[in-house]
Protein chains: 2
Amino acid sequence: MAPRTRKPERRTEALSRERIIEAAVELLDTAGEGGLTFRALTERLSTGAGAIYWHVANKDELLDAATDAVVTDALALKPARVPGSPQDRIRAVALGLFDAIDAHPWLAAQLATQLSRGPSKSVTPRILESIGQQVRALGVPESRWFTATTVLMHYILGAAGQNAVNGRAHGPGVNRGEFFNAVSAAWKQLDPDDYPFTRAIVDQMRDHDDRAEFLAGIALILAGITAGRSRTP
Amino acid sequence: MAPRTRKPERRTEALSRERIIEAAVELLDTAGEGGLTFRALTERLSTGAGAIYWHVANKDELLDAATDAVVTDALALKPARVPGSPQDRIRAVALGLFDAIDAHPWLAAQLATQLSRGPSKSVTPRILESIGQQVRALGVPESRWFTATTVLMHYILGAAGQNAVNGRAHGPGVNRGEFFNAVSAAWKQLDPDDYPFTRAIVDQMRDHDDRAEFLAGIALILAGITAGRSRTP
DNA sequence: ACCTGAACACCGTTCAAGT
DNA sequence: ACCTGAACACCGTTCAAGT
């Protein structure tokens, strides 16, 4: 399984848009947001800068394409075919995005910015569709489709993003547990008069299970969708 | 009211951390995310780069400080003193953040990234506290405080952020209405087999009122919080 | 058609030197 | 203590030149 050659092997397959996007995702995953540079990319692909610009307009388009590729992959499990109730399928879509953002933390900021950019190229319709089809299956009246779906979407992306950032190393050798301990300690120093609530939930925050907490949030929103079902005819 | 001198007036007040943050916010507001550079800052403050570094550690700290200043300002209306029910006060906090993000669109991405960074310096406790105190006043059992508050927070920041991006010019001379028309047109071109839901809500999306839609989302979550109130003892 | 790689303009940050 | 501004390393992007 060890590579035969020790020097960075010469490119075998021709350069292509797909190959560039693949390398971009790898760089983002291993080196983070700031790790994606054209210089790092040219080295990894053993090519020149101009070659990349032949396949890709600029860095923004490359970031969009990387986001698109990863999100498409995350939603590829065809949630419509997952067995169970619409609620089950909403949880499946939510966890799919949760895991994707957990595996690719750079996705969080990217999705936040990109959510409503250029109409067609955006990943928004794909996410909206995956969630919305299940909202519809829930029996929500059409007049409330938009609200119910966007509430779910914003919560999913926000919570997953926060979780992903929490889970990453904050400095060398800082793991998840240490990070939460540090936050807890800092929050316990807050002025009790100004921050009674924050101090009260410190333990809840430190000890929570990310996934269970995420699903509790989904459940709360589903309850709100159901509660309002008969309100607007 | 016209300035007496035509040349950029020499600095009168001494440079200070506050003055630098103020100028940073102005640059972000007028020139956007990419408009904040140390060169633009030195010109506006008629000083040298080193002078800024004397008061501020680096660009990240400056961005954090700018975010902090604007959020503090947005929450300064002391929502606890706004008359009305806890629901009314939650709406007041939500609209305060909504308006702040609308006035400072760069806040959206900044908050998304910063939500859970360095424990103490973060704006998270301030936002959590403003919302959480009202959640508590709602009579939610303590075991559900964390979930209810984070769901509200993620929705508020996500929806407000999306709204802010939508509202900005996307290219020269593109206003809000034109932007939504363009998105609608693009979404109507989507494959009816793959995107039945998205196509169905196109009109709802184009014609919606931002503020009313935002408050409808808040109402949905409040319904979920209330619905679940008696579930967990 | 596809690729090379030097060159350009610009950026965040540093630091010896001034007051 | 506070400020100056040249210098450094690095970045995205361009483009004449190659194949």
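When reading the values below, keep in mind they use all heavy atoms of this one structure, side chains included, and skip hydrogens, waters and symmetry mates. In what follows, chains are A, B, ... by sequence order, proteins preceding strands, each numbered from 1. Here the structure is a predicted model, which is why all the values come from computation and not from measurement.
- Salt bridge A:Arg199/A:Asp194: absent, no basic N to carboxylate O contact under 4.0 Å.
- Rounded to an integer number of Å, the gap from CG of B:Asn58 to P of C:dC11 is 17 Å.
- At a threshold of 4.0 Å, the pair A:Arg44-A:Glu22 does not count as salt-bridged, since none of the basic side-chain nitrogens sits closer than that to a carboxylate oxygen.
- Ring-centre distance between A:Trp145 and B:Phe197: below the 6.0 Å cut-off.
- Straight-line distance from the CG atom of B:Leu45 to the P atom of D:dT4: 10 Å, rounded to whole Å.
- Taking the six-membered ring where the residue is Trp, B:Phe214 and B:Tyr155 present parallel rings, their angle staying beneath 30° rather than reaching 60°.
- A straight line from CZ of B:Arg17 to P of D:dC2 spans 14 Å, rounded to a whole angstrom.
- With rounding to the nearest 0.5 Å, the separation of OG1 in A:Thr147 from NE2 in B:His208 is 9.0 Å.
- Taking atom P in both D:dA17 and C:dC2, one finds a spacing of 22 Å when rounded to whole Å.
- Across the protein-nucleic acid pair, A:Leu63 atom CG and D:dT13 atom P stand 10 Å apart, rounded to whole Å.
- For B:His55, a side-chain nitrogen or oxygen approaches OP1 or OP2 of D:dC3 to under 4.0 Å.
- Note: CZ (B:Phe38) to P (D:dC11) measures 18 Å, nearest angstrom.
- Mapping B:Gly34 and A:Arg39 onto DNA chain C by nearest heavy atom places A:Arg39 at the nucleotide closer to the 5' end.
- Comparing A:Ala57 and B:Ala49, the nucleotide of DNA chain D nearest to each residue sits closer to the 5' end for B:Ala49.
- Here the side chain of A:Ala51 is nearest to one of C:dC11, C:dC3, D:dC3, namely C:dC3.
- The pairing partner recorded for C:dT13 is D:dA7, the criterion being a Watson-Crick or G-U wobble arrangement whose two distances lie under 3.5 angstrom.
- Among the nucleotides C:dC8, C:dA1, D:dC2, the one closest to the side chain of A:Trp54 is C:dA1.
- Comparing D:dC3, C:dT13, D:dG12 against the side chain of A:Thr37 picks out D:dG12 as the nearest.
- Remark: C1' of C:dC11 and CD of B:Glu33 are 15 Å apart, rounded to the nearest angstrom.
- At the heavy-atom level, A:Leu36 lies under 4.0 Å from the strands shown only through sugar-phosphate atoms.
- Closest to the side chain of A:Tyr53, out of C:dC3, D:dT14, C:dG12, is D:dT14.
- The partner of C:dA1, taking Watson-Crick or G-U wobble pairs whose two distances both stay under 3.5 Å, is D:dT19.
- In the set D:dT4, D:dC8, D:dT13, D:dT13 carries the atom at the smallest distance from any side-chain atom of A:Lys59.
- Per the geometry, CG belonging to B:Leu41 stands 15 Å off C1' belonging to D:dT4, to the nearest Å.
- Within the 3.5 Å criterion, the main-chain N or O of B:Phe38 finds no donor-acceptor partner in the side chain of B:Lys59.
- Comparing C:dA9 with D:dC10, their C1' atoms sit 13 Å apart, to the nearest whole Å.
- The CD1 atom of A:Ile52 sits 14 Å away from the C1' atom of D:dT14 (whole-angstrom rounding).
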